[in-house]
Amino acid sequence: MNINERHADFFENVYAIVRHIPKGRVTSYGAIAKALGTVSSSRMVGWAMNAAHSKPDIPAHRVVNRNGFLTGKMHFSSPTEMEEKLTLEGIEVINDQIHQFNIVFWDPSEELTF
DNA sequence: CCATTGACTTAAG
DNA sequence: CCTTAAGCCAATG
């Protein structure tokens with residue numbers, strides 16, 4: 001592959017996983033990064049999400065940090081959009097944090113059955 | 001081109 | 001248990 005495709009591949013990988021997050025479930029940046037084998041590059045997952053705005057069907061609202069906080073809510077069209085969408089999917093959000101995060105958490109590894 | 005920042009996480013003190 | 005440091009790497013000034 002070309003040297004220029006090296007980061008794009010990572011981005012596409014992130015998109016693929018995020019798209020596969022089941023409705024009513026959430027995951028974390030680190031979990032995605034870990035699934036890609038680059039657990040230390042969890043920041044790049046967040047950056048990929050920022051770039052994901054140009055992509056359709058990317059439920060970025062289902063991706064939160066490892067504490068279940070909606071750290072990225074401010075990056076949406078509306079600061080409340082992320083919270084609203086999660087609530088509509090049956091996820092309880094309290095004070096910008098996902099309630100029972102450990103229950104609704106979705107491990108990307110399950111979808112690694114490519 | 002160098003410095004700073006950021007939708008993160010883990011480890012160490 | 002709470003606070004800091006460091007690693008990560010692209011983007012922006």
Side-chain angles (χ1 to χ4, degrees):
Chain A
M1 80 169 100
N2 296 332
I3 186 72
N4 291 335
E5 297 177 7
R6 138 178 146 286
H7 74 279
D9 189 52
F10 177 82
F11 275 50
E12 289 300 324
N13 243 327
V14 174
Y15 299 149
I17 292 180
V18 174
R19 268 196 218 106
H20 294 161
I21 300 176
K23 177 185 174 187
R25 296 295 186 98
V26 294
T27 191
S28 67
Y29 305 95
I32 295 174
K34 193 169 188 175
L36 296 178
T38 58
V39 62
S40 305
S41 302
S42 47
R43 280 186 161 148
M44 295 302 93
V45 178
W47 201 253
M49 291 291 93
N50 196 11
H53 279 284
S54 306
K55 297 275 187 175
D57 303 323
I58 306 291
H61 61 274
R62 293 182 187 150
V63 184
V64 296
N65 74 343
R66 109 168 218 20
N67 282 316
F69 280 99
L70 310 187
T71 51
K73 60 178 290 184
M74 61 180 82
H75 289 266
F76 284 80
S77 308
S78 228
T80 56
E81 183 180 333
M82 187 176 187
E83 181 177 332
E84 300 270 333
K85 284 187 175 181
L86 289 174
T87 303
L88 287 176
E89 295 185 356
I91 299 177
E92 192 172 5
V93 179
I94 302 176
N95 194 17
D96 297 342
Q97 185 177 26
I98 295 180
H99 187 49
Q100 296 177 325
F101 179 59
N102 55 85
I103 304 299
V104 297
F105 179 78
W106 176 79
D107 191 349
S109 303
E110 296 180 7
E111 197 64 18
L112 285 183
T113 59
F114 283 104

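Letters A, B, ... mirror the listed sequences (proteins, then strands); counts begin at 1.
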With a 3.5 Å cut-off and sequence neighbours excluded, list the donor-acceptor pairs that the side chains of residues 48-65 of chain A form with protein atoms.
from	atom 1	to	atom 2	distance (Å)
A/H53	NE2	A/H75	O	3.3
A/K55	NZ	A/E12	OE2	3.2
A/H61	NE2	A/E89	OE2	3.1
A/R62	NE	A/E89	OE1	2.9
A/R62	NE	A/E89	OE2	3.2
A/R62	NH1	A/I21	O	2.9
A/R62	NH2	A/E89	OE2	2.8
A/N65	OD1	A/N67	N	3.3
A/N65	OD1	A/G68	N	3.2
A/N65	OD1	A/F69	N	2.8

(message) Of the options B/dT10, C/dA10, B/dA7, whose atoms approach the side-chain atoms of A/Y29 most closely?
(response) B/dA7
(request) Keeping the roles fixed (side chain from A/S42, backbone from A/Y29), state whether a donor-acceptor pair exists under 3.5 Å. (result) no
(message) Distance check needed: B/dG6 C1' versus A/N50 CG, whole Å only.
(response) 10 Å
(message) Rounded to whole Å, please give me the gap between CG in A/D9 and P in C/dA10.
(response) 13 Å
(request) Starting at atom CD of A/Q97, determine the distance to atom P of B/dA7, rounded to an integer number of angstrom. (result) 18 Å
(message) If you compare all heavy atoms of A/F105 against all heavy atoms of A/A31, which two are closest, and at what distance to 0.1 Å?
(response) CZ-CB, 3.7 Å
(message) Please report the distance, rounded to the nearest Å, between CG in A/L86 and P in B/dA7.
(response) 17 Å
(message) Whole angstroms only, please: what is the CZ-P distance between A/F11 and B/dA7?
(response) 14 Å
(request) Look at all strands and tell whether A/N65 reaches a base, only sugar-phosphate, or nothing, counting heavy atoms closer than 4.0 Å. (result) sugar-phosphate
(request) Mind calculating the distance between CZ (A/R66) and C1' (B/dT9) to the nearest angstrom? (result) 8 Å
(request) Applying side-chain contact (heavy atoms from CB on, under 4.5 Å) between A/P108 and each of A/N13, A/V14, A/I17, A/V18, report the one that passes. (result) A/I17
Please write out each protein N/O paired with an N/O of nucleotides 4-8 of chain C under 3.5 Å, distance rounded to 0.1 Å.
from	atom 1	to	atom 2	distance (Å)
C/dG7	O6	A/R43	NH1	2.8
C/dG7	O6	A/R43	NH2	3.2
C/dC8	O4'	A/S40	O	3.4
C/dC8	O3'	A/S41	OG	3.3
C/dC8	O2	A/R43	NH1	3.4
C/dC8	N3	A/R43	NH1	3.3

(request) Can you tell me, in whole Å, how much space there is between the C1' of B/dA7 and that of C/dT3? (result) 23 Å
(request) Evaluate the side chain to side chain contact (heavy atoms under 4.5 Å, CB included) criterion for residues A/W106 and A/V26: first the C-alpha distance (whole Å), next the side-chain angles of each, then the deciding distance (0.1 Å), finally the verdict. (result) CA-CA 5 Å; A/W106 176 79; A/V26 294; over 6 Å; no
(request) Describe the nucleic acid contact of A/S28 in one word from base, sugar-phosphate, nothing, applying a heavy-atom distance below 4.0 Å. (result) sugar-phosphate
(message) Quick one: does any side-chain atom of A/S78 pair with a main-chain N or O of A/E81 as donor and acceptor, under 3.5 Å?
(response) no
(message) Give me the distance, rounded to whole Å, that separates B/dT4 from C/dA5 when you measure between the P atoms they each carry.
(response) 16 Å
(message) Please report the distance, rounded to the nearest Å, between CH2 in A/W47 and C1' in B/dT4.
(response) 12 Å
(request) Identify the two heavy atoms, one from A/V93 and one from A/E83, that lie closest to each other, and give their separation to 0.1 Å. (result) CG1-CG, 3.7 Å
(message) Testing the basics here: between A/I94 and A/E92, what is the closest heavy-atom pair and its distance to 0.1 Å?
(response) CD1-OE2, 3.9 Å
(request) With a 4.0 Å heavy-atom cut-off, tell me which residues in residues 75-84 of chain A come close to DNA chain B, sorted by residue number. (result) A/H75, A/F76
(message) If I take atom CD1 from residue A/I103 and atom CD1 from residue A/I98, how far apart are they, to the nearest 0.5 angstrom?
(response) 12.5 Å
(request) Pick base, sugar-phosphate or nothing for A/H61, based on heavy-atom distances below 4.0 Å to the nucleic acid. (result) nothing
(message) Please report the distance, rounded to the nearest Å, between CZ in A/F10 and C1' in C/dC9.
(response) 9 Å
